[in-house]
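Bear in mind the structure is a predicted one, so any value in this text is a computation, not a measurement. Sequential numbering from 1 along the given sequence is applied to the chain's residues.
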Amino acid sequence: MRAALWLLALFAVAVATALFAGNNQSTLTLFWPPHRIDLSLNLVLMALVAAFVVLHLALRALSALFEMPVQARRWRAQQKERAAHTALLDALGHLLSGRFIRARKAAMAALAREKALDTAGERLSHAAQLRTIAHLVAAESAQALQDRASRDGHLQRALELTQGRSGAALQEIREGAQLRAARWALEERDVQASLGWLEALPGGAQRRTVALRIRLKAARLARQTSIALETARLLAKHRAFSPEAAQSLVRGLMGDLIQGAHDLAQLQRVWNGLDASERLMPDIAIQAARRLLEVNGDGALACAWLLPVWEAAMEQPGALNDVQRVRLVRTLEDGLAADTSAERGWLARIELAQQRHPRDTGLQYLAGKACMNRQLWGKAQQLLAQAAAGLQDPELRARAWRALAELAEQRGDADGAAQAWKAAALVLK
């Protein structure tokens, strides 16, 4: 459609020109004493147009002639700039392929060519970025070659090039240099230096995933479990790990933090610092309750920490695995033994749970121990005998036999007590 319109317009111009030139009888007379020249107006117009075209072409030719030195100088500068960029790309390629010596040489070549450009007065608008990246590539190569002096020199030069300069690109490069320095310090197991580089980052950069990963490794290496736990929570929120890996990592760090508590006040602070969802984790609650009993804490408080886990296990039998169920029974037994005042409320819970799940040997054992503490000897004897025959965990089975031995001694049954003590010893053998 557009071509048809152009063709119509061209025909229109041709028709208008033909009408004007064909019927134009005008003449132009030039008086140049003693001469007189008569010219057709059409010829004069054509001569003017031709003169304009010739003059225009002549001026363009002169301009191109005078621009040749400038263009030659610009071409040489472009060639040098391309050579510098090519050297930097070669350095990056060698670095990625593990050719660190070649990478450092190529980075130094890029710096030399950029300096030659600057000396010649052809300063690049992105010269600072080019030099900084070249220094970082050289520093990374030196780090791989264990040349610390060269690495530190290039790193310091890169930081100096970006110090106090505006521009988002330079700021990003500076943050990248600081992150690389933190990683290098971590590789050398210099935790304080690594954390120092991370602290020097702006607030937003400190919350980036790569920075949080470095902080997590440094905190774990320095045994700063609280910092490592907080960092792991942020990484889990940023989905830096899979949900299973994040939960396992956070659970392990919480376990280390609980196990590192050396007194009741410290353990209470750790427990209060956990989220509500974290307190419902069976492993964490059981470990915290166990640690509370180990530091001579209140048994009733330990049982209170275990109550949500107990309720979840009773409502959903598959909520705990076999190992967790055994640990729950052990810890709950020790907590009830440490504070007999907690038995009254727990005895009803244990009996109700045992009635709902009569074949659960762990509940049989707990119910038998509770009856034994309340001097219900007959019922305790029956439940403990059933538990001793069905328990799979050696420790709990030995405890059941020891309890049966104590009951036999209270009845004066020396033979029964001896057999029970022998069975307990054989279980742990």
Side-chain angles (χ1 to χ4, degrees), residues 136 139-140 143-144 148 151-152 155 158-159 162 168 171-292 295 305 308-309 324:
L136 286 179
E140 186 71 37
Q143 167 67 15
R148 297 182 181 178
R151 179 203 68 188
D152 294 340
L155 176 62
L159 294 175
T162 57
Q171 184 62 29
E172 292 290 339
I173 296 174
R174 180 177 180 83
E175 293 170 2
Q178 292 171 329
L179 286 172
R180 296 308 303 169
R183 187 181 294 276
W184 296 336
L186 186 61
E187 290 176 359
E188 296 173 356
R189 306 184 74 83
D190 189 350
V191 177
Q192 298 304 322
S194 180
L195 292 175
W197 283 111
L198 292 177
E199 292 296 332
L201 288 169
Q206 291 184 16
R207 292 188 293 272
R208 293 175 186 168
T209 301
V210 61
L212 291 175
R213 286 180 181 272
I214 297 174
R215 184 182 297 276
L216 175 61
K217 293 179 181 178
R220 297 187 71 179
L221 189 62
R223 299 187 183 277
Q224 298 178 0
T225 312
S226 57
I227 297 177
L229 177 58
E230 180 183 356
T231 307
R233 287 169 176 166
L234 288 174
L235 283 171
K237 186 182 297 184
H238 293 171
R239 298 182 180 180
F241 308 109
S242 64
E244 295 79 9
Q247 186 178 12
S248 176
L249 177 61
V250 172
R251 184 170 57 245
L253 290 172
M254 286 189 294
D256 294 341
L257 198 60
I258 291 171
Q259 200 62 32
H262 300 293
D263 53 38
L264 180 60
Q266 186 178 2
L267 181 59
Q268 188 69 49
R269 286 196 300 271
V270 172
W271 180 259
N272 293 334
L274 299 180
D275 297 337
S277 59
E278 294 171 346
R279 296 177 188 173
L280 295 177
M281 292 183 180
D283 291 332
I284 299 304
I286 295 171
Q287 186 174 2
R290 171 60 60 185
R291 188 59 181 169
L292 180 63
V295 297
W305 289 358
V309 179
Q324 291 172 341

When you check the gap from the basic side-chain N to the acidic O, do [X] and [Y] get nearer than 4.0 Å?
{"X": "R151", "Y": "E188", "answer": "yes"}
{"X": "E172", "Y": "R208", "answer": "yes"}
{"X": "R215", "Y": "E199", "answer": "yes"}

From [atom1] ([X]) to [atom2] ([Y]), nearest 0.5 Å:
{"X": "I214", "Y": "L179", "atom1": "CD1", "atom2": "CG", "value": "5.5 Å"}
{"X": "R251", "Y": "M281", "atom1": "CZ", "atom2": "CE", "value": "6.5 Å"}
{"X": "Q259", "Y": "D256", "atom1": "CD", "atom2": "CG", "value": "8.5 Å"}
{"X": "L257", "Y": "Q224", "atom1": "CG", "atom2": "CD", "value": "12.0 Å"}

W305 and R279: CA distance, side-chain angles, deciding distance, side chain to side chain contact (heavy atoms under 4.5 Å, CB included) verdict = CA-CA 8 Å; W305 289 358; R279 296 177 188 173; over 6 Å; no

Do [X] and [Y] touch side chain to side chain, with heavy atoms closer than 4.5 Å?
{"X": "R220", "Y": "V191", "value": "no"}
{"X": "R180", "Y": "Q143", "value": "no"}
{"X": "L198", "Y": "Q206", "value": "no"}
{"X": "L221", "Y": "R189", "value": "yes"}

Which pair of non-hydrogen atoms, one from [X] and one from [Y], has the smallest distance, and what is that distance?
{"X": "F241", "Y": "A246", "answer": "CB-N, 3.9 Å"}
{"X": "E175", "Y": "P202", "answer": "OE2-CG, 3.4 Å"}
{"X": "L155", "Y": "A177", "answer": "CD1-O, 3.9 Å"}
{"X": "L216", "Y": "A228", "answer": "CD1-O, 3.4 Å"}
{"X": "A288", "Y": "L267", "answer": "O-CD2, 3.9 Å"}
{"X": "A261", "Y": "V295", "answer": "O-CG1, 4.3 Å"}

Should R183 and W197 be marked as a side chain to side chain contact (heavy atoms under 4.5 Å, CB included) after you check the CA-CA gap, both sets of side-chain angles, and the distance that decides it?
-> CA-CA 9 Å; R183 187 181 294 276; W197 283 111; over 6 Å; no

Applying side chain to side chain contact (heavy atoms under 4.5 Å, CB included), run through R213 and L235 and close with a yes or a no.
-> CA-CA 8 Å; R213 286 180 181 272; L235 283 171; 4.1 Å; yes

Can you tell which of D283, T225, L253, I284 makes a side chain to side chain contact (heavy atoms under 4.5 Å, CB included) with I258?
-> I284

Any donor-acceptor pair under 3.5 Å from T231 side chain to I227 backbone = yes

Return yes when atom CD of Q268 has more than 12 non-hydrogen atoms of other residues, nucleotides or ligands closer than 6.0 Å, and no otherwise.
-> yes

Can you tell me if CZ on R174 sees more than 12 non-hydrogen neighbours from other groups inside 6.0 Å?
-> yes

